[in-house]
*Asks:* 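Take a look at the following structure, please.
Convention: sequence-line order gives letters A, B, ...; per-chain numbering from 1. Here the structure is a predicted model, which is why all the values come from computation and not from measurement. Computation of the quantities below employed the complete heavy-atom set of this structure, encompassing side-chain atoms and omitting hydrogens, waters and symmetry-equivalent molecules.
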Amino acid sequence: MTQDIFAALRARAVEAMRNLLPDLPEEAFARVQMEPPRDLTHGDMATNAALVVAKPARQPPPKLAAALAERLAALPEVESAAPAGPGFVNLRLREGFLRAQVPAILAAGEGYGDSTLGAGRRVDVEYVSANPTGPMHVGHCRGAVVGDALANLLGKAGWDVTKEYYINDAGAQVLALAHAAYWRYLQALGTKLTEEEYAQSIQGGLQYRGDYLVPVGEALRARYGESLAEPGGMPAGPSHWLDTVRDVTVELMMQAIREDLAALGVRQDVFVSERALVAAGKLEEAEALLAARGLIYHGVLEPPKGKTLDDWEPREQELFRATQFGDEVDRPLRKSDGSGTYFANDIANHLHKIERGFSELVHVWGADHGGYVKRMQAAVAALSDGKVSLDVVLAQIVHVVKDGQPVRMSKRAGTYVTLRDLIDEVGRDAVRFTMLTRKSDAQMEFDLDKVVEQSRENPVFYVQYAHARCRSVLRGAGDPTAADLAAAPLESLADPAELALIRRLTAWPRTVEAAATAREPHRIAFFSMTWRATFMYCGTRAARTRPCDSFGGMNRKPQGPGWPWWLRRRRSSARASR
RNA sequence: GUCCUCGUAGCUCAGCCGGAUAGAGCACCAGAUUCCUAAUCUGGGGGCCGUGGGUUCGAAUCCCGCCGAGGACACCA
């Protein structure tokens with residue numbers, strides 16, 4: 001039994017059409033929709049069934065619409081049905097049927113809107129996956145929120161969801177991090193070296209100078225004493241310490257990242273280490289698989305166009321035939337030193353996912369990785385023989401604004417805003433909600449002042465306030481249970497605004513499904529905002545005398561008898577003053 | 001040069017994988033509110049949906065060209 005009355009009425013419409021046109025194949029009905037009409041004066045629902053079926057049935061849409069309307073009007077749920085426009089059928093539902101949704105919704109509780117859309121499908125949602133080279137900053141925030149919200153959304157829509165974090169702990173960045181942590185370790189031992197002397201001694205210089213590594217140095221000293229250094233806190237050869245320091249540092253960084261994520265309400269199920277995958281031979285396994293399918297060869301790529309590379313030179317590389325799967329060029333898998341490229345390691349990562357039995361993979365990436373999507377989809381298609389899908393949701397950069405000024409992200413200038421700073425300043429809920437008030441691939445400004453402002457300009461506050469007011473209403477009613485409410489006489493829900501609120505709530509299940517299908521969690525935030533408007537409109541005096549549309553506003557053209565109450569009043573007072 | 005993401009009201013953005021007269025918030029103007037929190041509500045003005053074609057009963061939505069913004073373009077992650 002579906003909770004979605006739109007789906008239920010759609011089934012009724014299809015059934016009616018099938019009876020009218022018994023000879024039509026089942027596919028003819030696939031595109032039939034039942035949805036809320038844009039203009040609420042048209043009714044509660046509208047279906048395009050007659051339009052869709054007209055062509056295969058070889059009958060004019062208006063004729064079919066009239067016949068369909070007649071049948072739908074006879075349904076117990078339906079107050080009236082009328083053909084309209086080029087072949088739509090508009091339905092108006094009986095108020096009793098709408099009211100009956102209330103106990104159903106109350107009975108479902110938080111499970112209201114749960115869907116079986118993704119039933120039987122396992123999806124892996126990978127998000128954040130920040131390099132473990134430092135604390136989370138605001139740049140990571142949007143991806144974390146979008147990914148987490150999307151994973152929750154898919155779970156509500158019936159998918160079996162795994163939340164995953166891919167730890168990029170195999171590249172040069174992590175080596176640089178280890179050197180930086182080692183410096184803090186030497187400092188903890190009381191080395192006489194200066195920072196610059198140390199920086200000059202390592203290739204690429206000292207890259208991570210933030211003091212967040214100081215505790216790591218202390219921890220290394222606590223665990224290993226002086227054993228990782230020469231006497232006097234002088235650096236030892238990397239072979240003596242590099243693996244140890246790197247592992248400990250990554251471990252501690254990941255611990256900090258997990259804490260930051262927890263503060264944001266994000267808890268991922270699986271943390272996959274790039275290094276561990278490589279060490280386990282996943283890269284070779286993936287290569288062998290691709291090679292067996294004839295998708296690997298050695299060749300020389302053209303130099304990239306439109307961009308001059310000083311050090312470019314023709315070089316033979318091991319290449320993956322990504323072009324066979326829609327990518328622009330074939331992609332290299334091995335660096336000149338023989339180790340895997342980031343892409344190759346990521347292929348190993350995806351093989352690992354496929355082997356764990358996921359049928360769908362979802363990633364949330366920063367928009368600057370947009371150019372990477374096609375090759376990864378190509379790889380997944382190649383590895384899974386086209387059986388596993390990869391969807392990538394791109395999250396655009398967030399520009400942080402404070403006091404009307406953009407906050408520049410600079411570690412050196414000390415204006416580096418950590419995720420924790422942000423949460424401490426404006427609160428977890430405000431951060432999460434605000435990040436979802438835009439489509440994820442749209443650029444967004446995050447105004448630190450506005451999200452804590454208790455005003456109409458702040459959608460976070462708007463929605464929170466509506467919730468507070470709900471509680472207030474319940475408190476005023478003596479804190480009834482859901483069962484108490486369900487047993488209450490429904491006939492008193494007669495105001496147009498109250499019925500509008502019920503209509504709004506009946507759209508929740510389809511909103512969940514549509515948002516999950518589109519992988520767009522922001523739609524849930526928008527639903528909250530429209531729901532809020534509809535709710536707040538209830539109880540206003542205007543609500544009792546004029547109809548209300550789905551957004552809580554009133555219809556442009558007032559319908560129904562009589563003047564709006566304030567016009568009545570103005571007229572009478574004008575008469576009185578005369 | 002190629003690819004990706006975009007272009008909708010003055011501003012910030014929705015628009016439910018093709019539907020009827022394109023919406024909201026903010027801003028502006030004009031009003032309401034003895035009543036669950038004035039932390040609210042209502043009305044109004046305001047848009048060639050970047051642009052030119054195409055697909056069809058029907059396009060903001062799908063396809064192609066162009067203009068404009070941002071991003072990515074061998075051994076960085």
*Asks:* Residues from residues 337-344 of chain A sitting under 4.0 Å of RNA chain B, heavy atoms only?
*Replies:*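 A/Y342 - these, ordered by number, are the residues of the stretch whose heavy atoms sit under 4.0 Å from the strand.
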*Asks:* Expressed in whole Å, how much space separates the C1' atoms belonging to B/rG31 and B/rU51?
*Replies:* 41 Å
*Asks:* Please classify the nucleic acid contact of A/A477 as base, sugar-phosphate, or nothing, using heavy-atom distances under 4.0 Å.
*Replies:* nothing
*Asks:* Is A/R375 touching bases, backbone alone, or none of the nucleic acid, heavy atoms closer than 4.0 Å?
*Replies:*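 Since no nucleic acid heavy atom lies under 4.0 Å of A/R375, the category is nothing.
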*Asks:* What string of B, S and - do you get for nucleotides 10-18 of chain B 5' to 3' if you count protein non-hydrogen atoms under 4.0 Å?
*Replies:* --SSSSB--
*Asks:* Using ring pair (Phe, Tyr, Trp, His ring centres under 6.0 Å) as the criterion, list what pairs up with A/H350, not counting sequence neighbours.
*Replies:*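 Result, ring pair (Phe, Tyr, Trp, His ring centres under 6.0 Å) vs A/H350: A/H363.
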*Asks:* Hey, is the side chain of A/K374 poking within less than 4.0 Å of OP1 or OP2 on B/rC4, counting only N and O atoms?
*Replies:* yes
*Asks:* Any donor-acceptor pair under 3.5 Å joining the side chain of A/D169 to the base of B/rA77?
*Replies:*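 Result: no qualifying N/O pair found.
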*Asks:* Throw together a table of side-chain donor-acceptor distances under 3.5 angstrom for residues 372-380 of chain A, partners on residues two or more places apart or in other chains.
*Replies:*
| unit_1 | atom_1 | unit_2 | atom_2 | d |
| --- | --- | --- | --- | --- |
| A/K374 | NZ | A/E328 | OE2 | 2.9 |
| A/Q377 | NE2 | A/L390 | O | 3.0 |

*Asks:* Quick one: salt bridge (Lys or Arg N to Asp or Glu O under 4.0 Å) partners of A/R31, sequence neighbours excluded?
*Replies:* none
*Asks:* So which one's nearest nucleotide on RNA chain B is more toward 5', A/N48 or A/R469?
*Replies:* A/N48
*Asks:* Output all residues satisfying ring pair (Phe, Tyr, Trp, His ring centres under 6.0 Å) with A/Y165, sequence neighbours left out; order by chain, then residue number.
*Replies:* A/F271
*Asks:* Which residues satisfy the side-chain hydrogen bond (donor to acceptor under 3.5 Å, both in side chains) test with A/Q324, sequence neighbours excluded?
*Replies:* none
*Asks:* Tell me whether the ring of A/F88 lies stacked over the B/rA20 base, given a 5.5 Å limit on centroids and a 30° limit on the plane angle.
*Replies:*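 Ring-base stacking flag set for A/F88 and B/rA20.
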*Asks:* In residues 519-528 of chain A, what donor-acceptor pairs under 3.5 Å come from side-chain atoms, sequence neighbours left out?
*Replies:*
| unit_1 | atom_1 | unit_2 | atom_2 | d |
| --- | --- | --- | --- | --- |
| A/R519 | NE | A/A516 | O | 3.3 |
| A/R519 | NH1 | A/D391 | OD2 | 2.3 |
| A/R519 | NH2 | A/E360 | OE1 | 2.8 |
| A/E520 | OE1 | A/R523 | NE | 2.9 |
| A/E520 | OE1 | A/R523 | NH2 | 3.0 |
| A/S528 | OG | A/I524 | O | 3.1 |

*Asks:* If you measure from the P atom in B/rU12 to the same atom in B/rA74, how many Å do you get, rounded?
*Replies:*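 33 Å, rounded to whole Å.
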*Asks:* Has the side chain of A/D441 got a donor or acceptor atom that lies under 3.5 Å from a matching backbone atom of A/L394?
*Replies:* no
*Asks:* Could you measure between the two C1' atoms, the one in B/rG7 and the one in B/rA14, and give it in whole Å?
*Replies:* 15 Å
*Asks:* Considering residues at least two apart in sequence or located in another chain, which fulfil the side-chain hydrogen bond (donor to acceptor under 3.5 Å, both in side chains) criterion with A/Q33?
*Replies:*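 None.
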